[in-house]
Amino acid sequence: MPDAILVAVAWPYANGPFHVGHIAGAYLPADVFARYQRLRGNRTLMVSGSDCHGTPITIAAEREGISPQDVIRRYHPTFLKTFQALGISFDLFTQTYTDNHYRVTTDMFLRLLENGYLYKDTMVGSYSETLGRFLPDRFVEGTCPNCGYPRARGDQCDSCGHLHDPQDLIAPRSVLDGAPVTFRETEHFFLDLAKLEPPLRAWIESVDRSYWRANTLLFTQNWLREGLRGRAITRDLEWGVPVPVDDPTFKDKRIYVWFDAVIGYFSASIEWAERIGAPDAWKEWWVCLPDGSAPARSYYFIGKDNIPFHTIIWPAMLIGYGNLALPYDVPANEFLNLEGDKMSTSRNWALWAPEIEDRYQPDAIRYYLIANGPETRDSNWSWADFVQRVNSELVATWGNLANRVLSVTHRNFGVVPQPGALTDADRQLIAATQQTFERVTALLDGVKLRAALNEAMALAQAANQYLSEQEPWKLVKSDQERAATVLFVALRTVDTLKMLFCPFLPFSSQRLHELLGYTGTIAPQPQVEETQAPDGSPRLILTGDYAASAGAWGISVLAPGQPIQAPTPLFQKLDEAIVTEELARLHAKVRS
RNA sequence: GCCGGUGUAGCUCAGUGGUUAGAGCGAACGACUCAUAAUCGUUAGGUCACUGGUUCGAUCCCAGUCACCGGCACCA
């Protein structure tokens with residue numbers, strides 16, 4: 001029985017395009033993992049969608065004088081375009097602005113209320129008189145009561161580091177329009193995290209979590225150590241999922257974005273099931289078995305800024321709802337810096353996905369973002385490094401290996417040659433291939449993507465060494481049988497590498513698959529489809545049929561006689577000149 | 001302020017309580033020429049941030065110092 005695997009990916013705010021940090025942090029690792037799981041033959045469901053609610057969307061809409069729906073319609077399609085360009089293979093990438101999501105969120109809210117995990121309380125909110133609405137602390141600034149710095153943020157002073165509440169500020173004002181801010185009491189629903197803490201703690205401690213990344217575990221333990229307290233899950237906003245209670249006080253309030261966004265993993269699974277015409281299919285990933293265990297392993301791919309939401313709050317909600325599968329792992333990534341500096345959208349110091357997705361081969365971008373991925377610590381995108389690694393590793397080591405083996409074979413045999421007796425050197429490479437396959441498999445199972453990619457690359461290097469020693473291009477003139485044997489061993493290694501690289505480099509692995517004379521699909525790609533938004537307007541989703549790759553994961557069994565195509569290079573070598581061009585482009589658009 | 005992380009060869013990073021601390025890239029030299037001037041080999045050399053401690057012995061354990069970074073829950 002194959003395993004069921006849920007690949008849940010962070011929901012991006014639909015208020016701007018992706019930058020490479022988003023891709024490296026969540027979407028690409030999730031895709032690599034999902035592709036691997038599908039190749040293994042596991043039932044894999046990869047979902048996410050655009051987060052349509054929340055203050056950033058509202059602000060963006062106001063700034064541009066358009067509706068929140070317009071903001072979503074502007075940016076959601078750019079996400080889909082990036083995913084298609086880079087081959088991010090969602091089973092469903094939807095959005096939170098759907099009838100289904102509203103229904104599921106409402107259900108979750110009511111169920112938690114019914115189960116006694118929600119309570120009402122009043123809090124003091126920062127209120128903008130000019131805008132007529134409450135503001136998040138982030139949108140309030142004023143003079144620091146501690147040091148007198150005039151532009152202290154609502155929650156903390158950037159000058160002296162003093163922590164405070166917005167009410168403590170002298171002359172608090174809105175960062176949106178500079179108008180004075182007052183403070184009003186407002187009633188909200190709270191998620192009773194204090195009440196959910198004991199079962200949450202029991203869940204965390206129920207198994208040895210050392211398979212979680214150290215940072216993820218540490219963050220979670222710190223939160224638990226400090227003790228959990230209730231968290232407001234409604235807001236004074238006009239855009240979002242309505243609060244489903246019969247109470248005029250909540251008529252002008254909405255469910256708060258973090259509460260509804262995490263529900264997206266669940267609602268998107270349900271939407272997916274309905275789309276494929278099997279309305280109960282989502283249960284295979286979500287509904288606990290009679291013994292209470294999870295029916296699937298669910299992996300949440302997120303950035304480190306999202307850890308508490310996925311290891312504390314979302315599990316608490318799932319526990320409160322009852323009988324739903326809790327996360328198995330939360331492979332949170334650190335951040336990707338850009339040329340040594342933290343990316344900043346306000347300064348426009350960012351490398352936007354739409355700027356590069358058409359200029360470079362998707363596999364080159366994918367290679368660099370995984371090989372240099374922020375798995376255990378912040379890492380850095382540098383154009384010089386990008387060019388160097390693509391040229392020396394992807395092109396020179398792997399692409400060239402495939403190319404030279406295919407070229408010699410095609411020219412001299414035209415098909416996979418029939419091997420003769422194996423020598424020690426042959427057996428060594430075959431054994432190394434076997435070992436690498438096992439190591440890569442284990443590393444991918446543990447979501448250690450960077451290490452897995454490095455292992456595969458090391459085998460490509462070993463194969464290059466083997467070729468240099470065996471020199472099949474000379475043997476074809478002196479010893480046809482030996483040449484055939486060497487090329488056969490090399491071809492099988494290349495064929496295995498094709499599979500090992502497939503989750504990482506799906507475009508080139510698919511091409512190589514065909515060059516090797518196969519006809520099937522090992523790396524299916526996603527596609528955009530159209531459906532309807534709640535207001536009746538068309539809305540786009542990303543989906544795909546990935547069944548073709550199921551179960552293909554394995555060591556090569558390439559058979560003699562299979563025709564080999566004349567190869568052309570798998571990867572484009574990059575011109576050094578792009579380093580200065582890209583740096584100039586980057587610096588030209590930066591704001592100070 | 002509180003909590004936490006990081007500091008290893010020019011660059012990006014592995015790693016371990018124990019004889020001469022590793023890889024890739026870059027650099028130098030050599031080999032080869034099937035392959036996108038790709039590949040293969042050899043070499044370079046770093047007081048493993050600093051100080052002190054535990055230990056027969058520490059880069060790895062402990063304490064302190066310095067530097068950089070992150071979190072501190074209504075930003076998700």
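Lettering of chains follows the sequences in order, A, B, ..., and the numbering in each one begins at 1.
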Inset, instruction - Kindly point out which of B:U12, B:C40, B:U36 is positioned nearest to the side chain of A:Gln465? - result: B:C40

Inset, instruction - Give one of base, sugar-phosphate or nothing for A:Trp223, where a contact means two heavy atoms less than 4.0 Å apart. - result: base

Inset, instruction - Strictly below 4.0 Å, heavy-atom distances to any atom of RNA chain B: list the hits from residues 21-28 of chain A, or just say none. - result: none

Legend entry - Check: B:A35 base within 3.5 Å donor-acceptor of A:Asn403 side chain: no

Inset, instruction - Under 4.0 Å from any atom of RNA chain B, heavy atoms only: list the residues of residues 299-316 of chain A that qualify, in numerical order. - result: A:Asp305, A:Asn306, A:Phe309

Inset, instruction - Taking side-chain hydrogen bond (donor to acceptor under 3.5 Å, both in side chains) as the test, write out the residues that go with A:Asn333, two or more places apart. - result: A:Arg213

Inset, instruction - Assign A:Gly373 to base, sugar-phosphate, or nothing according to its heavy-atom contacts below 4.0 angstrom with the strands shown. - result: nothing

Legend entry - Closest nucleotide among B:G26, B:U12, B:C32 to the A:Ser392 side chain: B:G26

Inset, instruction - Would you mind classifying the nucleic acid contact of A:Gln461 as base, sugar-phosphate or nothing, using non-hydrogen atoms under 4.0 angstrom? - result: sugar-phosphate

Legend entry - Watson-Crick/G-U partner (both atom distances under 3.5 Å) of B:C34: none

Inset, instruction - Looking at every strand, decide which applies to A:Glu469 at a 4.0 Å heavy-atom threshold: base, sugar-phosphate, or nothing. - result: nothing

Inset, instruction - Would you kindly compare A:Asp385 and A:Leu228 by the position of their nearest RNA chain B nucleotide and give the one closer to the 5′ end? - result: A:Asp385

